Q: 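Below is the structure I would like to discuss, written out as C-alpha cells.
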Amino acid sequence: MQFTAQQIATLLQGKLEGDPTAIVSNVAKIEEAGAGSLSFIANPKYEEYLYTSKASIIIVNDSLEITRPVTATVLRVKDAYSSFALLMEKYSEIISGGTKTGIEQPSFVAATAKIGKDVYIGAFAYVGDNAVIGDGVKIYPGCYIGNNVVLGDNTKIYSGVRIYDECRLGNRVIVHSGTVVGGDGFGFAPLKDGSYKKIAQIGNVIVEDDVEIGANTTIDRATMGSTIIRQGVKLDNLIQIAHNVEIGEHTVIAAQTGISGSTKIGKYCMIGGQVGMVGHIEVADGTHINAQSGLSKSVSNTNTVLNGSPAFDYKSSLKSQAIFRNLPEMQQRLQKLEDAVQELTALLSTQNLEYKK
Amino acid sequence: MQFTAQQIATLLQGKLEGDPTAIVSNVAKIEEAGAGSLSFIANPKYEEYLYTSKASIIIVNDSLEITRPVTATVLRVKDAYSSFALLMEKYSEIISGGTKTGIEQPSFVAATAKIGKDVYIGAFAYVGDNAVIGDGVKIYPGCYIGNNVVLGDNTKIYSGVRIYDECRLGNRVIVHSGTVVGGDGFGFAPLKDGSYKKIAQIGNVIVEDDVEIGANTTIDRATMGSTIIRQGVKLDNLIQIAHNVEIGEHTVIAAQTGISGSTKIGKYCMIGGQVGMVGHIEVADGTHINAQSGLSKSVSNTNTVLNGSPAFDYKSSLKSQAIFRNLPEMQQRLQKLEDAVQELTALLSTQNLEYKK
Amino acid sequence: MQFTAQQIATLLQGKLEGDPTAIVSNVAKIEEAGAGSLSFIANPKYEEYLYTSKASIIIVNDSLEITRPVTATVLRVKDAYSSFALLMEKYSEIISGGTKTGIEQPSFVAATAKIGKDVYIGAFAYVGDNAVIGDGVKIYPGCYIGNNVVLGDNTKIYSGVRIYDECRLGNRVIVHSGTVVGGDGFGFAPLKDGSYKKIAQIGNVIVEDDVEIGANTTIDRATMGSTIIRQGVKLDNLIQIAHNVEIGEHTVIAAQTGISGSTKIGKYCMIGGQVGMVGHIEVADGTHINAQSGLSKSVSNTNTVLNGSPAFDYKSSLKSQAIFRNLPEMQQRLQKLEDAVQELTALLSTQNLEYKK
C-alpha cells in the first residue's frame with residue numbers, strides 16, 4: 001500500500017515542509033529507513049538522522065528546529081511519537097483485515113448462537129450451540145467457538161483459536177492463532193495399581209476485558225469454578241496456565257512461562273519468559289520475576305523482585321550467580337587454606353611450646 | 001443447566017434430608033459454594049462447612065453425624081467423594097458435547113476411510129485415505145486425521161488436533177486441541193559447507209490405550225520404527241516428545257517438558273513441568289523428576305528422585321541449592337579465614353621457634 | 001505398502017544376492033529389523049547383524065565380504081547409507097501425500113490470489129487476498145494463508161499452519177502443523193495508571209529458502225520492518241521467536257527455545273533445547289549453546305561454546321556445576337578450617353611468644 005505525504009498530513013492534521021507528493025510504502029525506524037520509508041523523530045538524540053536519513057517522509061515534533069538542508073518531506077505535528085503510533089494503528093487495522101465484516105462461507109454457526117452486529121466470521125470457523133458473539137467481534141477463519149461460549153464486544157479471535165465450551169471472554173480481548181482456552185485441567189486420581197483415573201474438569205475459563213493472549217498459549221479450564229485472567233492482562237506466546245489459576249489485573253507474562261494449578265498471581269506483576277511456578281501459591285501485587293526463574297513459594301511482600309531457580313531476592317541471587325562462576329577459584333582458595341593450616345598445625349606440633357611467665 | 005435435589009438423589013441412589021425441590025446450577029468446593037451450588041463433604045476436616053455453607057445441596061457420607069441445623073438439602077450416599085466424582089463425569093460429558101454423534105457438514109471423509117458406529121465427526125474435520133475410525137470415536141471440528149491413521153474405540157480428538165499419516169492411537173485416548181501427533185523428527189545431516197540435509201522421517205507414532213494428551217503438545221514421528229506412548233500415560237500441555245522416544249506405562253509428565261530423541265522413560269514415572277532430557281538415555285521405572293530439572297544421564301535405579309539442572313539426587317540437590325543462596329556469606333567466611341591464617345603465619349614467622357627437649 | 005527386492009534393486013541400480021521376490025513392508029535399523037523389514041549395513045561394526053538379522057532385505061556396500069550364510073536377500077550398492085537415505089526420501093514422499101496436487105473442496109481461495117502450477121490446496125484451507133502461491137506448493141488441510149502472503153516454489157505447509165498477512169516464505173520451506181508465523185509481537189506501552197496500551201505491530205516475517213520449522217512454533221511479526229529467518233535455518237517444535245529477531249543462515253535451534261525481541265543470531269550456530277535469550281543482543285557466528293542455558297549478554301567471539309543460566313564458557317560452567325554438587329562437602333571443609341584456625345589462634349594466644357635471636 002502506498003500513501004502520499006499529503007494524505008498523511010491530512011490524517012494527522014500536521015504541517016508539511018517539502019514535497020507533498022512524496023510517496024511511502026513502508027514504515028521504519030529512523031536509523032533503518034530507506035527511500036520509500038515513513039519514519040519519525042521524537043527523541044532529540046535521533047535528530048542527527050534528520051539530515052542523513054534516506055526516508056521519504058519524516059514526522060517530527062512541531063518544536064524541532066531544522067538547521068541544515070533535509071531531503072525528506074518533513075511533517076510537523078504536536079507530538080511525533082503519538083502521531084506515529086496512531087498511524088501504525090490505522091495501518092495495522094488495514095493490513096490485519098480489521099475492517100472485514102460478514103460471515104464467510106462455508107462456516108458453521110449453530111442455529112441457537114446469538115451473533116451481534118458488525119461481526120466477521122471467517123470461513124471454516126465453527127460457532128457452537130448457544131454461543132453469544134458480541135458486536136464488532138472478529139472470528140478469523142478456522143476458529144472453534146464451543147457451546148455456551150460468550151465473546152464480548154469488539155473481541156478479536158485470530159485464525160485457529162480453540163475455545164472450549166462454557167468459557168467467557170470479555171470486551172476488546174485479542175487472542176492470537178493456535179491458542180487453546182478451556183482444555184481440561186491436568187487432574188488425575190492415582191489408583192492402587194499405579195494407574196490414574198481422570199478427574200472430570202467441569203469448570204471454565206473467564207477472560208476479562210482488554211486482555212491480549214499470544215499464539216499457541218494454553219489456558220486450562222478449572223476443575224470446578226473458573227480459571228480467571230483479569231482485566232488488562234497481557235500473555236505472550238506458548239504460555240501454560242493450569243486449572244484454577246487466577247492472574248491479577250494488568251499483569252504481564254512473557255513467552256513460555258508456566259503457572260501450575262490453583263496459583264494466584266496479583267496485579268501489576270511482571271513475569272519473564274520461561275518462568276515456572278508451582279501450584280497453590282500466592283504472588284503479591286507488583287512482583288517482578290526474572291526470566292527462567294522457578295518460583296516454589298508464595299510471595300507475600302508487594303513489589304518483590306526475584307530471580308533464579310529456585311527463585312529468591314534478585315540482588316542476592318545475582319551475587320550467588322557471580323560466585324557460582326568463580327566456584328573453581330573458591331575451591332582452590334579453600335585448598336590452599338587447608339594446606340596452610342595443616343602446615344601451621346604441623347609446625348606447632350613440633351614445638352614443645354611452653355607457657356612463659 | 002439446572003438439576004433438582006431429587007434428580008441427583010435418584011441418579012446417585014442416595015437418601016435426601018431437606019427440600020427435594022432445591023435447585024443447583026453449578027458445582028463448587030464446599031469452602032467456595034454459594035446459593036445454587038452443589039457441593040460435597042468427604043473429609044471430616046471440612047465438616048464444619050456443613051453448618052455455614054450457603055450451598056443448596058451438599059453430598060455427605062452416610063455415616064456423617066449432623067449435630068446442628070443445616071440450611072442446605074443434604075444427600076447421604078455411601079461414599080460422598082466417589083458419588084460426587086461420578087456426577088462430575090456425567091456433567092462433564094454433557095457440557096463437552098460428549099453425547100454428540102453423526103457427521104457434521106461440511107467435513108471431508110475420504111471414500112476409503114472406515115468409520116465405526118456412533119462416531120461424531122465435526123464440521124471442517126478431515127479424515128484421510130484408508131483411515132480407520134473406531135466405534136464411539138469423537139473427532140471435533142477442524143481436526144486433521146491423515147492417511148492410514150488408526151483411532152481405537154471411544155477415542156476423543158478435540159478441535160484442531162493434527163494427526164499425521166500412519167500414526168496409530170488406541171482405545172479411550174483423549175487428545176486436546178492443537179496437539180500435533182506425527183510431525184517429522186528433527187533430523188538433519190550436516191553437509192561439508194555447513195548447511196544441513198533433511199533426513200527423511202518415515203516412522204510413525206503409536207499411542208496406546210487410555211492415554212491422555214494435553215493441548216498444543218507435539219509428538220514427533222520416529223525416523224524409522226515408532227515413537228511410543230504406552231498405556232495409561234498422561235501428558236500435559238505444550239510438551240515436546242522427540243522422534244523415537246518411548247514413554248512407559250502410567251507415566252505422568254507435566255506441562256512444557258521436553259524429551260529429546262530416542263530417550264526411553266520407564267513406567268510409573270512422575271516428571272515435573274519444564275523438565276528437559278537429553279537424547280538416547282534410559283530412565284528407570286518409578287523415577288521422579290522435579291520441575292525445571294535437566295536430565296543429562298541415564299537413571300538406572302528405580303524410584304530415584306532427582307532435581308536440578310543438571311539433575312542429581314533430590315535431597316543433595318536441595319542442600320546444594322540452600323548453600324547456593326548463602327554463597328556470598330560463604331565467600332566472606334573464606335576471606336576471614338584467609339586473613340586469620342595470614343596473620344598466624346606472619347606471627348609465627350617472626351618467632352625464632354626452636355625445638356625444645 | 002509392499003516392495004519386492006527386485007523393485008528396490010532396480011530403483012537403486014544395485015546387485016541382488018538371494019531371492020529377488022522377497023517382500024518388505026517396513027524399514028528398520030538392522031538391530032531392530034524383523035521379517036518383512038528392509039534394512040542396511042553401512043558401518044563395519046554392524047556387520048555381524050548380517051548373519052543374525054531377520055530382515056528380509058539388507059542393503060550393503062559393494063565392497064562387503066560375506067563370510068557365512070545369510071538368510072536375507074542382500075542388495076549390493078556403491079554406498080549403502082546414501083542408497084538407503086534415497087529410499088527413505090522416496091518412501092517419505094509417498095506416505096506424506098507428497099504427490100498430491102489440485103484443490104480439494106471445500107476450500108477458500110480468494111479471487112485475487114495467484115496460484116502457481118502443480119499446487120495442492122487441501123480442504124478447509126484458506127488463501128487470502130493477493131496471496132501468491134508458488135509452483136509445486138503444498139498447503140495441507142485447514143491452513144490459513146493471510147492476505148498478501150507470498151509462498152515460494154515447492155514450499156510445504158502442513159495441516160493447521162497459520163500465516164498472518166504480509167509474511168513471505170521462500171522456496172522449499174517446510175512448516176509443520178500448528179505453527180504460527182506473523183502473530184503480533186509482544187509490545188505494550190505502560191500507561192500512568194499501570195495498565196498497558198498495545199503498540200501496533202505492522203512489520204512482517206520473512207522466511208528464506210530451505211528453512212524447516214517444526215510443529216507449534218511461533219514466530220512473531222516485527223513491530224516495524226521484518227523478523228527474519230535466513231536461508232537453511234532449522235527450527236524444532238514449540239520454539240518462540242519474538243518480534244524483530246534475525247536468525248542467521250544454517251543455524252539450528254532445538255525445541256522449546258525462546259529468543260526475545262530484536263536479538264540477532266549469527267550463522268551456523270547450534271542452540272540446544274529450552275534455551276532462553278534476552279532481547280537486543282547479538283550472537284556471533286558458530287556459537288554453540290547447551291540445552292536449558294540462559295543467554296543474557298551478547299556473544300562477540302565466533303565459535304564460542306556456552307552453558308548454564310546465566311550462560312558462560314562451557315568448560316568453566318561444567319566445573320562450577322561439578323563443585324555445586326559438592327557444595328555441602330565444601331561447606332564442611334570450611335567449617336573444619338574455621339575450627340582448626342580458631343584452635344591454633346587460641347593455642348598461640350596462650351603462649352607468651354617472644355622473639356629469639
Side-chain angles (χ1 to χ4, degrees), chain A residues 27-29 32 85 88-89 91-92 95-97 104 106 122-124 140-142 158-160 174 176-178 210 212 214-216 232 234 236-238 249-250 252 254-256 267-268 273-274 291-292 309 321 324-328 330-331 334 337-338 341 344-345 348 353-357, chain C residues 106 108 124 126 128 142 144 146-148 160 162 164-166 178-180 183-184 186 188-189 194-196 198-202 216-218 220 224-225 238 240 242 256 258 260 274 276 278 294 309-310 312 316-317 319-320 323-324 330 333-334 337 340-341 344 347-348 350-354:
Chain A
V27 293
K29 293 181 198 169
E32 294 170 357
M88 281 174 69
E89 265 174 55
Y91 182 64
S92 168
I95 66 169
S96 71
E104 279 177 1
F124 316 123
Y140 282 73
Y158 280 98
S159 179
I174 298 173
H176 284 282
S177 284
D210 300 304
E212 180 158 349
N216 284 351
K234 310 298 178 191
D236 201 349
N237 301 337
L238 293 167
E249 290 162 31
H250 307 297
V252 176
Q256 296 180 318
K267 304 171 187 177
Y268 306 109
Q274 299 184 335
Q292 291 196 327
S309 173
Q321 286 180 349
F324 177 82
R325 279 180 81 130
N326 291 326
L327 279 181
M330 198 163 162
Q331 198 179 35
L334 191 63
L337 269 178
E338 284 172 336
V341 168
L344 285 174
T345 308
L348 287 173
L353 293 174
E354 286 181 355
Y355 285 92
K356 298 182 181 183
K357 297 180 185 173
Chain C
F108 184 105
F124 317 124
Y126 186 103
Y144 174 79
N147 300 333
N148 301 311
R162 315 282 158 185
Y164 280 54
D165 298 353
E166 311 283 329
T179 282
V180 178
D184 280 354
F186 196 61
F188 301 91
S195 71
Y196 293 88
K198 181 176 178 66
I199 297 170
Q201 303 290 312
I202 62 171
N216 284 351
T217 279
T218 58
D220 282 353
M224 282 187 281
L238 293 166
Q240 152 72 353
Q256 296 178 319
S260 302
Q274 298 182 335
V278 300
S309 173
F312 57 100
S316 309
S317 162
K319 280 182 200 161
S320 284
I323 298 173
F324 177 82
M330 199 161 161
R333 286 166 63 187
L334 192 64
L337 269 178
V341 169
L344 286 174
L347 179 64
L348 287 173
T350 64
Q351 303 293 326
N352 188 5
L353 293 174
E354 287 183 353

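Proteins get letters first, then strands, A, B, ... in listed order; numbering begins at 1 in each. Note that the structure is predicted; figures quoted are calculated from it, not measured.
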Q: A:Asn216 vs C:Thr179, test: side chain to side chain contact (heavy atoms under 4.5 Å, CB included). Steps then yes/no.
A: CA-CA 8 Å; A:Asn216 284 351; C:Thr179 282; 5.7 Å; no

Q: Among A:Ile174, A:Val252, A:Asp210, which residue forms the greatest number of heavy-atom pairs with chain C at distances under 4.5 Å?
A: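 Between A:Ile174, A:Val252, A:Asp210, the count favours A:Val252.
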
Q: Could you pull out the closest heavy-atom pair between C:Tyr144 and A:Ser159, with the gap in Å?
A: CB-OG, 3.1 Å

Q: Residues in side chain to side chain contact (heavy atoms under 4.5 Å, CB included) with A:Ala291, at least two apart?
A: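 Residues passing side chain to side chain contact (heavy atoms under 4.5 Å, CB included) with A:Ala291: none at all.
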
Q: Using the test side chain to side chain contact (heavy atoms under 4.5 Å, CB included), find all partners of C:Ser320 that sit at least two apart in sequence or belong to another chain.
A: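 Counting only residues at least two positions away or on another chain, C:Ser320 forms a side chain to side chain contact (heavy atoms under 4.5 Å, CB included) with A:Phe324, A:Leu327, A:Pro328, C:Phe312.
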
Q: Please classify the contact of C:Arg162 with chain A as side chain, backbone, both or neither, using a heavy-atom distance under 4.5 Å.
A: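 Only the side chain of C:Arg162 comes within 4.5 Å of chain A.
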
Q: I'd like to know if the side chain of A:Gln256 and the backbone of C:Gln256 have a donor-acceptor N/O pair within less than 3.5 Å.
A: yes

Q: In terms of heavy-atom proximity below 4.5 Å to chain C, should A:Glu89 be classed as side chain, backbone, both, or neither?
A: both

Q: I would like to know whether A:His176 and C:Val180 meet side chain to side chain contact (heavy atoms under 4.5 Å, CB included); could you show each step before the answer?
A: CA-CA 9 Å; A:His176 284 282; C:Val180 178; 6.0 Å; no

Q: Go through the atoms of A:Leu238 and report whether side chain, backbone, both or neither lie under 4.5 Å from a heavy atom of chain C.
A: side chain

Q: A:Glu104 vs C:Tyr126, test: side-chain hydrogen bond (donor to acceptor under 3.5 Å, both in side chains). Steps then yes/no.
A: CA-CA 11 Å; A:Glu104 279 177 1; C:Tyr126 186 103; 2.8 Å; yes

Q: With a 4.5 angstrom heavy-atom cut-off, could you sort out which part of C:Tyr196 is near chain A: side chain, backbone, both or neither?
A: both

